[in-house]
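Take a look at the structure set out below.
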Amino acid sequence: MRMYDIIKKKRDGGELTTEEINFFVDGYVDGSIPDYQASAFCMAVYFSGMSARETTDLTLAMAKSGDMLDLEVLGDKTVDKHSTGGVGDKVTLVVAPVAAALGCTVAKMSGRGLGHTGGTVDKLESIPGFKVELSSEEFFSQVKDIGISVIGQSDNLTPADKKLYALRDVTATVESIPLIASSIISKKLAGGSRHIVLDVTCGSGAFMKTPAAAEELAAAMVEIGKMAGRKMTAVITNMDTPLGINIGNILEVQEAVEVLKGGGPEDLRTVCVEIASLMYASCFDCTADEARPKVIEVIENGTAFEKLKAMVKAQGGDTAVLDDFSLFNKPKYTYELKSSQAGCISRMNAEAIGIASVVLGAGREKKGDPIDYKAGISLLKKTGDAVSVGDTLAVLYTDLEDKLPQAEQMILDALEFSDIKPAEETLIYKVIN
Ligand code: URA
């Protein structure tokens with residue numbers, strides 16, 4: 001079998017056999033297939049798509065590319081959650097400790113930033129000392145002890161996704177339903193949790209731009225997960241406007257902590273409460289409506305925040321920064337972006353704002369680039385807000401002074417103004433389970 005022939009077959013719209021898909025995954029992981037052929041393969045899949053059978057084969061091959069955890073001994077309430085990505089999406093930092101505080105066993109493998117979207121692993125690493133790489137034994141024993149661990153693709157878990165994810169990030173091959181579905185579900189299957197809740201984002205800041213595309217992706221992932229014996233829930237959420245106010249790693253940790261302390265922006269709180277309710281409902285076999293008051297209770301009584309601190313401590317992180325944000329490192333430059341227009345913000349291009357945060361240093365331009373955890377954007381005005389000339393639209397944080405004009409222009413170009421207030425955005429479109 002030759003990789004060249006597999007790329008050509010997919011480029012020309014052919015359906016790959018299970019053996020061909022396994023050949024690609026095994027060869028890419030063992031290094032016999034180079035990055036340039038894997039990039040061409042991903043681009044061929046991007047344009048030609050994959051059948052449901054091919055997507056399932058790719059997912060299973062990726063899941064089996066490394067160890068597969070068996071969490072059965074931890075009971076029947078193991079739960080994992082994953083987002084298809086967004087701008088300002090710090091939901092995991094809130095819902096994982098909430099679910100753990102409610103008695104769910106949260107064993108989660110997260111990803112790094114991808115394209116214009118941020119990643120939970122980068123956000124966690126912005127907490128000084130936090131270790132995202134645990135051995136399977138350490139992961140397992142932490143979950144057993146305190147009921148929660150969030151790690152990166154550590155040890156030998158889904159090495160195929162670890163390599164492909166970083167490659168897709170820099171080769172414009174992220175926005176493909178089979179590639180996203182296989183990336184996410186392979187991690188979830190290898191992570192071993194029985195219950196899986198997927199946040200499938202849609203809109204300008206998401207990889208799926210329309211509810212129809214998001215629903216197709218959600219259905220593909222739910223099907224594969226169910227076939228593998230997992231209890232699946234998917235929720236389609238709005239990502240037309242960045243979620244919350246803060247974009248950037250330290251900034252997002254701070255905002256997640258605010259939600260866990262009972263505050264934070266309303267859109268973020270609503271989405272977090274909904275997803276945490278779905279996690280609890282799946283584990284305890286009740287409805288989301290029955291779960292919601294319990295979720296609100298552990299936020300209000302502080303036990304969810306204590307769970308976050310327990311996890312940070314167990315993974316070597318400095319919990320003091322969570323109580324006192326002034327202990328986080330500070331960026332060299334803080335710049336207030338003022339409005340020269342008056343009106344109501346009628347639309348925001350969330351993807352462009354995500355890219356502006358990457359320009360400021362909060363994300364990667366190239367595979368393996370370092371991240372400046374301090375960099376980012378606070379959006380003081382969002383869709384629906386009235387703006388007067390001279391109002392601060394956003395605050396930009398960076399060490400890269402020369403990037404400020406470019407980021408400023410990108411943010412200004414991403415905003416549309418109107419005389420009329422737009423209709424309120426729907427945050428939760430649909431739940432599929
Ligand atoms: N999240 C993932 O883990 N993989 C993707 O491909 C997109 C979002």
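Any value given below was found using the heavy atoms of this structure, including those in side chains, with hydrogens, waters and symmetry copies removed. Indexing begins at 1, ligand by ligand and atom by atom, following the structure's order.
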With the threshold set at 4.0 Å, does a side-chain nitrogen-carboxylate oxygen contact exist between E54 and K10?
-> yes
Would you please name every residue forming a side-chain contact (heavy atoms from CB on, under 4.5 Å) with E19, sequence neighbours left out?
-> M1, T17
Does the cation-pi check pass for K374 over F328, that is, NZ or CZ under 6.0 Å from the six-membered ring centre and within 45° of its axis?
-> no
Short N or O contacts of ligand 1 with protein, under 3.5 Å, listed by atom name?
from: ligand 1; atom 1: 3 (O); to: H82; atom 2: NE2; distance (Å): 2.9
from: ligand 1; atom 1: 3 (O); to: S183; atom 2: OG; distance (Å): 3.4
from: ligand 1; atom 1: 3 (O); to: K187; atom 2: NZ; distance (Å): 2.6
from: ligand 1; atom 1: 4 (N); to: S183; atom 2: OG; distance (Å): 2.6
from: ligand 1; atom 1: 6 (O); to: R168; atom 2: NH1; distance (Å): 2.9
from: ligand 1; atom 1: 6 (O); to: R168; atom 2: NH2; distance (Å): 2.8
from: ligand 1; atom 1: 6 (O); to: S183; atom 2: OG; distance (Å): 3.4

OG-NE2 distance between S110 and H82, expressed to the nearest 0.5 angstrom | 6.5 Å
Find the distance between CD1 (I185) and CE (M62) and round it off to the nearest 0.5 Å.
-> 11.0 Å
Taking V257 as the fixed residue, which of K261, E255, Q254 is the one that meets the side chain to side chain contact (heavy atoms under 4.5 Å, CB included) rule?
-> K261
